[in-house]
Asks: 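Got a structure for you, questions after.
In each ligand, atom 1 is the first atom listed, and ligand 1 is the first ligand listed.
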Amino acid sequence: MAESPHTESTLSPSDANWWRQAAVYQIYPRSFADSNGDGLGDLPGVTSRVPYLKALGIDAVWLSPFYPSALADGGYDVDDYRNVDPRLGTLDDFDEMAAALHAAGIRLIVDIVPNHSSNRHVWFQEALAAPKGSPARERYIFRDGRGPNGELPPTDWVGAFGGPGWTQVSDGQWYLHFFTPEQPDFNWDNPEVREDFLTTLRFWADRGVDGFRVDVANLLVKDLPADLPSQAELDAMDRTSGTHPLMDRDEVHEIYAQWRKVFNEYIPPRFAVAEAWVETPERRARYASPEGLGQAFSFDLLEADFDATQFHRIINDNLEQVRLTGSTSTWVFSNHDVTRHATRYGLPPLNGRNVKQGVEWVKAGGPAEDIDLERGLRRAKAATLLMLALPGAAYLYQGEELGLHEVADIPAEQRQDPCFFRGADYNGLGRDGCRVPLPWQADGTSFGFGANGAHLPQPEWFAPYAVSVEEKDPASTLSFYRRALALRHELQGPETLEWDDVDENVLHFVRPGNWHVVTNFGTAPVALPDGEVLLASAEVENGMLSGEATAWIRR
Ligand code: NOJ
């Protein structure tokens with residue numbers, strides 16, 4: 001495999017700021033690389049692909065959950081926070097993977113899922129075996145039901161993936177679950193829960209992980225008085241004041257202040273990024289404070305249309321916001337929860353959010369006549385090249401560097417995502433289409449993912465997107481990502497940006513070092529400023545940048 005020009009290790013122990021402008025690559029481990037032929041990707045599979053990650057030129061890997069799990073929600077239902085799913089490997093395999101990544105100069109961020117455990121977690125099993133009102137039940141949220149015999153759930157709340165938000169246990173009590181019944185919510189008012197998560201954070205930090213991605217960081221603390229509001233009442237409540245009973249309550253930051261103390265026990269301090277789908281940038285900033293988690297995902301660009309005005313506003317707002325906290329912005333177009341951006345950008349606008357377009361398309365079962373896959377990828381590359389030039393951290397999702405599209409036509413009987421089975425409108429037919437195992441080779445069993453097939457079906461059209469094909473082709477999406485990431489390392493300097501030119505079709509900004517970035521959102525070619533074209537996402541001819549493309553220029 002080709003060596004990246006970015007070869008020196010960035011792992012200096014004194015570098016407490018490595019995350020500020022990092023390019024972070026998300027690995028969904030069950031779909032990355034399968035080393036033992038059981039159809040599921042695993043940790044030795046990740047280790048075997050470290051040369052690929054190094055050649056890609058990323059700074060860090062974010063590993064989605066790899067813990068023991070019945071996979072009721074793709075691993076976000078954790079049985080044991082301090083272990084590895086035996087199908088994915090062992091703790092020794094984890095250590096080997098971490099060491100291999102570190103030796104390649106790549107940091108490691110792991111996913112922490114603190115809002116809920118799985119129903120197979122030893123604490124939940126204890127809670128089920130223990131009587132009402134017992135300390136074991138106090139680690140979760142149990143309530144008596146309504147109706148003469150408590151046969152109705154305590155409220156009519158609907159879970160995020162559809163279906164009731166409460167499930168009844170054998171003695172008649174009900175427990176709360178924001179997601180599936182297999183994901184009971186913890187009671188974060190219980191000091192034992194708080195203490196246990198500190199132990200988990202230390203467990204992984206001691207094993208050398210560099211940081212944590214915190215799942216639904218905004219949900220942990222709840223205010224649940226005896227008289228609970230109905231779903232309609234909840235829906236009508238303000239989500240921006242920090243007083244909503246279920247989400248983004250101000251008190252959640254007391255937890256993260258405690259976590260920060262743990263992170264700061266290490267050299268360099270452990271990093272954390274919050275996944276917090278909150279209502280306003282101001283609310284998001286609280287999660288990114290240096291006394292808290294330190295960084296928070298912004299999904300603003302991910303939700304935007306491919307549109308200069310929207311991008312301009314979002315970039316300005318986000319840069320302004322991080323000035324308030326001293327954190328850096330995060331930029332992301334794709335992850336394991338949304339339709340891939342190459343696909344979203346190929347769809348006709350839906351008079352609204354770009355993510356919604358993808359949802360509707362997946363729901364319709366995919367390849368409709370109205371999708372332009374080539375255009376989607378062209379725009380995705382333009383958007384990505386713009387993103388990689390922004391000050392702050394860029395989050396990439398496995399497979400986007402190959403230009404993969406969403407797999408929409410997965411047969412119902414092969415789908416896994418609870419969103420599909422619970423009828424949620426969360427992402428159309430669910431999120432399996434962006435979680436299909438990667439194609440490493442153009443032929444052979446499971447396109448080189450493993451020796452014996454893949455846990456989600458890979459379509460025939462994956463072949464030309466295979467790593468083995470793309471790494472030989474200088475015009476491939478993979479070669480483009482490698483060049484962009486290598487150049488980004490050379491060019492990334494102080495975290496500032498100045499606008500040079502902004503109109504309804506073109507955004508042109510400048511980073512320190514005379515790094516000019518021009519994105520043409522329109523379809524007609526535009527003239528580029530003078531200078532050396534370092535990289536472009538599409539043709540530049542006679543100083544003209546083609547439509548729906550980005551160029552990096554040094555002047
Ligand atoms: C957010 C994660 O990204 C998603 O995949 C998961 O289903 C929910 N949190 C519940 O943990």
Asks: Does even one non-hydrogen atom of Phe161 get within less than 4.0 Å of ligand 1?
Replies: yes

Asks: With heavy-atom distances below 4.0 Å as the criterion, list the atoms of ligand 1 near His116.
Replies: 10 (C), 11 (O)

Asks: Which of the atoms in ligand 1, numbered in the order shown and given with their element, are less than 4.0 Å from a heavy-atom of Val216?
Replies: 9 (N)

Asks: Which ligand 1 atoms does Arg435 reach within 4.0 Å, using its non-hydrogen atoms?
Replies: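 Reading through ligand 1 atom by atom, the close ones are 5 (O).
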
Asks: Quick check on contacts: which atoms of ligand 1 are under 4.0 angstrom from a heavy atom of Glu275?
Replies: 1 (C), 3 (O)

Asks: Tell me, please, which residues at least two apart from Trp157 pass ring-ring contact (aromatic ring centres under 6.0 Å, His included).
Replies: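 Trp166.
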
Asks: Would Arg270 count as a cation-pi partner of Trp204, with NZ or CZ less than 6.0 Å from the six-membered ring centre and within 45° of the ring normal?
Replies: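 Not flagged: Arg270 not positioned over aromatic ring of Trp204.
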
Asks: So, using side chain to side chain donor-acceptor pair (under 3.5 Å) as the criterion, who are the partners of Glu251 when residues are at least two apart?
Replies: Arg249

Asks: Contact between ligand 1 and Arg213 is defined here as a heavy atom of the residue under 4.0 Å from a ligand atom; is it met?
Replies: yes

Asks: Arg137 and Gln173: side-chain donor and acceptor closer than 3.5 Å?
Replies: yes

Asks: Taking side chain to side chain donor-acceptor pair (under 3.5 Å) as the criterion, tell me which of Asn218, Thr325, Asp300, Asp248 meets it with Arg284.
Replies: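 Single pass found, and it is Asp300.
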
Asks: Checking contacts here: is it the side chain or the backbone of Gln26 that comes within 4.0 Å of ligand 1, counting heavy atoms only? Could be both or neither.
Replies: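 Neither; no heavy atom under 4.0 Å.
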
Asks: Should the pair Arg415 and Phe420 be classed as cation-pi, given the thresholds of under 6.0 Å to the six-membered ring centre and 45° from the axis?
Replies: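 Yes; both conditions hold, so Arg415 lies above the ring face of Phe420.
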
Asks: Could you tell me which atoms of ligand 1, counted from 1 in the order shown, lie closer than 4.0 angstrom to a heavy atom of Arg431?
Replies: 4 (C), 5 (O), 6 (C), 7 (O)

Asks: If every non-hydrogen atom of Arg87 is compared with every non-hydrogen atom of Asn36, which pair is closest and at what distance?
Replies: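 Closest approach of Arg87 to Asn36, heavy atoms only: O-ND2, 4.3 Å.
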
Asks: So between Val113, Asn115, Asp73, Asp337, whose heavy atom ends up nearest atom 10 (C) of ligand 1?
Replies: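 Answer by nearest heavy atom: Asp73.
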
